[in-house]
Structure formats: structure tokens, C-alpha cells
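Report on the structure given below.
Fair warning: this is a prediction, and the values are worked out from it, not measured in the lab.
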Amino acid sequence: QVQLVESGGGLVQAGDSLRLSCAASGGPVSTYTMAWFRQTPLKEREFVAGITSNSGRTNYTDAVKGRFTISRDNTRTMVYLQMNSLKPEDTAVYYCAQRRRLEVTIPIMANEYEYWGQGTQVTVSS
């Protein structure tokens, strides 16, 4: 059984940076797609960034391009989301997710991912 644990959220001011971490265990990460989603009470869960475990190819939603960077370590057991130039509209609960199969494109729909972490709160004030 796959287990995902997020950490690194917090309260920051606009323009600040945060680094989220996701520890993955219980499965062969090398064959999986990892992604970050975010959710607020007013919006459904939305895709933020994704990375493939085999090639390291990445994909980002337009709202975070140029500001956020997704990455993984050499063992592919840790996935990170470096968030720079944070804006109040980035405020949300951020979730780490894993898809068991790789695709030619990284899925952006939440229901395409089988495993989820508990989430970590990110709050950005002006």
C-alpha cells in the first residue's frame, strides 16, 4: 500500500517562498507519476504541477508557471514543490498525489490519481 505524507506548509506574506515536501513509500516510485494539487472550500481540487518518475518531465498549471518548481530526489522517494513569489490566491490546502501508471502526458484531473496525502495548509497574506 502506497503512503504519501506532505509537509512544509505555513503562513507567509505575499512575495515570500515556501518549499513543500512529499515522502512516498510502499511502492515502486520509478513507475509512477507524482503531482501536487490544491483545494479551497470554494473550488474543486485543481492540478498544480506534476512530474514523471522515469524521465523527470514536468507540467504546470498556467497560474504557477515561472513561480513554482516541482522536483524529485535521486532515490525518487521524495517529491518537492518550491513555491516562489507567492500570492494570496495561492492560499489553499496542497495535496501530494500519485498515479500508478505513466502516460505520454501528465494527467491534470484529480480522479486520475489513486493515492493521496492528507494535505498541508498554505496561507498567503498581503
Side-chain angles (χ1 to χ4, degrees):
Q1 185 174 357
V2 175
Q3 180 179 349
L4 305 176
V5 180
E6 305 100 331
S7 62
L11 173 62
V12 298
Q13 296 182 353
D16 287 349
S17 298
L18 279 175
R19 189 196 195 201
L20 305 183
S21 299
C22 176
S25 62
V29 178
S30 62
T31 64
Y32 291 5
T33 298
M34 304 295 297
W36 289 94
F37 287 76
R38 63 187 181 186
Q39 187 172 24
T40 70
L42 300 178
K43 298 176 63 178
E44 65 182 10
R45 194 165 298 184
E46 66 172 340
F47 175 84
V48 177
I51 186 169
T52 59
S53 58
N54 59 340
S55 68
R57 191 175 72 165
T58 59
N59 188 32
Y60 300 90
T61 187
D62 288 342
V64 306
K65 286 182 178 178
R67 299 189 297 120
F68 291 9
T69 303
I70 188 171
S71 62
R72 53 170 169 80
D73 66 3
N74 291 332
T75 66
R76 290 179 284 191
T77 58
M78 297 289 294
V79 179
Y80 307 96
L81 185 67
Q82 178 66 45
M83 304 184 294
N84 298 327
S85 301
L86 283 163
K87 304 175 181 180
E89 50 263 45
D90 295 319
T91 296
V93 177
Y94 284 72
Y95 296 90
C96 179
Q98 183 180 92
R99 177 178 169 86
R100 298 175 66 185
R101 298 175 62 184
L102 296 173
E103 306 290 345
V104 65
T105 59
I106 297 174
I108 63 173
M109 299 296 295
N111 60 12
E112 295 284 355
Y113 292 81
E114 293 87 3
Y115 298 97
W116 295 85
Q118 299 88 348
T120 184
Q121 177 70 48
V122 173
T123 303
V124 185
S125 63
S126 61

Any chance you could measure [X], atom [atom1], to [Y], atom [atom2], to the nearest 0.5 Å?
X	Y	atom1	atom2	value
R19	M83	CZ	CE	11.5 Å
C96	L20	SG	CG	9.5 Å
Y60	K65	OH	NZ	10.5 Å

Show every ring pair (Phe, Tyr, Trp, His ring centres under 6.0 Å) that has at least one partner inside residues 62-94, sequence neighbours left out. none
Pair listing, ring pair (Phe, Tyr, Trp, His ring centres under 6.0 Å) test, anchored in residues 101-126, at least two apart: F37-Y113, F37-W116
Testing I70, L81, T69 for side chain to side chain contact (heavy atoms under 4.5 Å, CB included) with I51, which one passes? I70
Show the nearest heavy-atom pair for residues [X] and [Y], with the distance to one decimal.
X	Y	value
W36	S21	CH2-O, 3.6 Å
S17	S85	OG-N, 4.3 Å
A92	T40	CB-CG2, 3.7 Å
A24	M34	CB-CE, 4.3 Å
V124	K87	CB-O, 3.3 Å

Applying salt bridge (Lys or Arg N to Asp or Glu O under 4.0 Å), can you list everything that pairs with [X], at least two apart in sequence or on another chain?
X	result
R99	E103, E112
D73	none
R38	E46, D90

Who pairs with Y95 by ring-ring contact (aromatic ring centres under 6.0 Å, His included), at least two apart in sequence or on another chain? none
So, do T91 and V122 sit near enough that their side-chain heavy atoms are less than 4.5 Å apart? no
Can you find a pair of side-chain heavy atoms, one from Q118 and one from E6, that are under 4.5 Å apart? yes
With side chain to side chain contact (heavy atoms under 4.5 Å, CB included) as the test, would you mind laying out the steps for T52 and I106 before giving the verdict? CA-CA 7 Å; T52 59; I106 297 174; 3.9 Å; yes
Determine, using the 4.5 Å side-chain heavy-atom cutoff (strictly less than), whether V93 and V79 are members of one ILVMFWY cluster. no
Determine, step by step, whether N84 and L86 satisfy the side chain to side chain contact (heavy atoms under 4.5 Å, CB included) criterion, reporting the C-alpha distance in whole Å, the side-chain angles of both residues, the deciding distance to 0.1 Å, and the verdict. CA-CA 5 Å; N84 298 327; L86 283 163; over 6 Å; no
Distance-only, no hydrogens or angles: does the Q98 side chain make a donor-acceptor pair with backbone N or O of L4 under 3.5 Å? no
Would you please say whether a donor-acceptor pair under 3.5 Å links the side chains of Q121 and T123? yes
